[in-house]
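Take a look at the structure below.
Counting starts at 1 for both ligands and their atoms, in listed order. Quick caveat, the model's predicted, so the values are computed rather than measured.
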Amino acid sequence: MLAYIGLGSNLKDPKAQIKRALDSLNDNNETELINASSYYESKPLLDIPGPNYINAVCKIETKLSAISLLNLCQEIEDNQQRVRELKWGSRTIDLDILLYGEQVISNKRLSIPHPEAIHRAFVLVPLFEIEPKIKMPLLGPIISLLDRINKLDVKKL
Ligand code: ROI
């Protein structure tokens, strides 16, 4: 299965945190990293005080079910000692499953396509970089989603 994961960090050397998470996704026997976007810098969403974020999106091929992939993402977050003081607070690393094949999933632990991410420049812009022709389940072509947001919210590094 092809899947797309959004990565974000604004603490403890964010670029290194993202690199490490990408390496972990690739080191796993059940997943292979196919491609990763450039790094993008943005202010914290909603102007919540804190350091700027670095974000990226990657494409993986995986044998894992969606829920096992979520468990893997959470393991990687735990390994990198994610600190998460507040719901909207700063974090060392955050991994969100954006898309899992063309599946639509909605249960207690998982909502795919990721319901908030798909409105965020720091997700759409890097996703567009690696997959400009992708069509999101329920939502349509990425290009029409991009038209509705402010691409200036993120800066390519
Ligand atoms: N803001 C930005 N710019 N990037 C993120 O990855 C990010 N992640 C979050 C919240 C706290 C919503 N803000 C963010 O979880």
Side-chain angles (χ1 to χ4, degrees), residues 2-26 28 31 33-60 62 66-67 69-100 104-132 134 136-139 142-157:
L2 286 176
Y4 296 82
I5 295 178
L7 304 101
S9 168
N10 76 334
L11 292 176
K12 300 190 190 167
D13 195 352
K15 284 182 209 158
Q17 297 291 344
I18 289 179
K19 171 84 174 57
R20 199 174 144 200
L22 290 170
D23 288 345
S24 303
L25 282 170
N26 201 37
N28 186 282
T31 62
L33 185 66
I34 294 178
N35 200 2
S37 72
S38 311
Y39 294 158
Y40 290 81
E41 182 171 353
S42 57
K43 285 197 196 146
L45 207 70
L46 310 173
D47 287 324
I48 288 164
N52 280 355
Y53 278 80
I54 304 295
N55 288 96
V57 167
C58 72
K59 176 180 184 176
I60 61 170
T62 184
I67 209 73
L69 181 60
L70 176 66
N71 289 335
L72 173 64
C73 288
Q74 293 185 344
E75 245 171 64
I76 294 171
E77 290 176 347
D78 290 343
N79 286 342
Q80 295 183 218
Q81 279 132 40
R82 169 166 168 168
V83 286
R84 190 187 201 178
E85 297 118 26
L86 301 163
K87 178 156 199 271
W88 300 97
S90 294
R91 62 269 319 272
T92 42
I93 190 74
D94 191 23
L95 276 74
D96 288 329
I97 305 174
L98 306 172
L99 298 171
Y100 183 78
V104 175
I105 301 172
S106 177
N107 60 46
K108 249 189 261 165
R109 290 186 65 201
L110 262 183
S111 301
I112 299 176
H114 195 291
E116 292 147 60
I118 44 93
H119 304 297
R120 296 174 176 173
F122 61 79
V123 171
L124 288 178
V125 174
L127 180 58
F128 181 76
E129 179 193 337
I130 60 171
E131 212 67 278
I134 198 167
M136 321 272 269
L138 304 177
L139 302 161
I142 186 165
I143 186 85
S144 34
L145 297 174
L146 263 178
D147 280 344
R148 283 184 231 139
I149 57 146
N150 187 356
K151 290 173 270 305
L152 298 179
D153 289 347
V154 289
K155 190 177 103 195
K156 187 173 172 176
L157 297 183

Practice item. Examine R120 against ligand 1 and note whether any of their N/O atoms are separated by less than 3.5 Å. Key: no
Only residue of N52, N55, D153 satisfying side-chain contact (heavy atoms from CB on, under 4.5 Å) with S42 is N55
The single option from I5, L2, L22, L72 that satisfies side-chain contact (heavy atoms from CB on, under 4.5 Å) with I60 is I5
Of Y40, F122, Y53, the residue with the heavy atom nearest atom 10 (C) of ligand 1 is Y53
Check: of D153, V154, L45, L7, min heavy-atom distance to atom 1 (N) of ligand 1 comes from L45
Honestly, for L46 the part within reach of ligand 1 (heavy atoms, under 4.0 Å) is neither
Residues at least two apart in sequence or cross-chain that pass side chain to side chain donor-acceptor pair (under 3.5 Å) with S111, listed by chain then number, are none
A student checking ligand 1 against D94 at a 4.0 Å heavy-atom cut-off should list atoms 15 (O)
Can you confirm whether L45 sits close enough to F122 that some side-chain heavy atom of one is under 4.5 Å from a side-chain heavy atom of the other? yes
Q: Using atom types as modelled and distance alone, determine if a side-chain donor or acceptor of N26 lies under 3.5 Å from a backbone N or O of L33.
A: yes
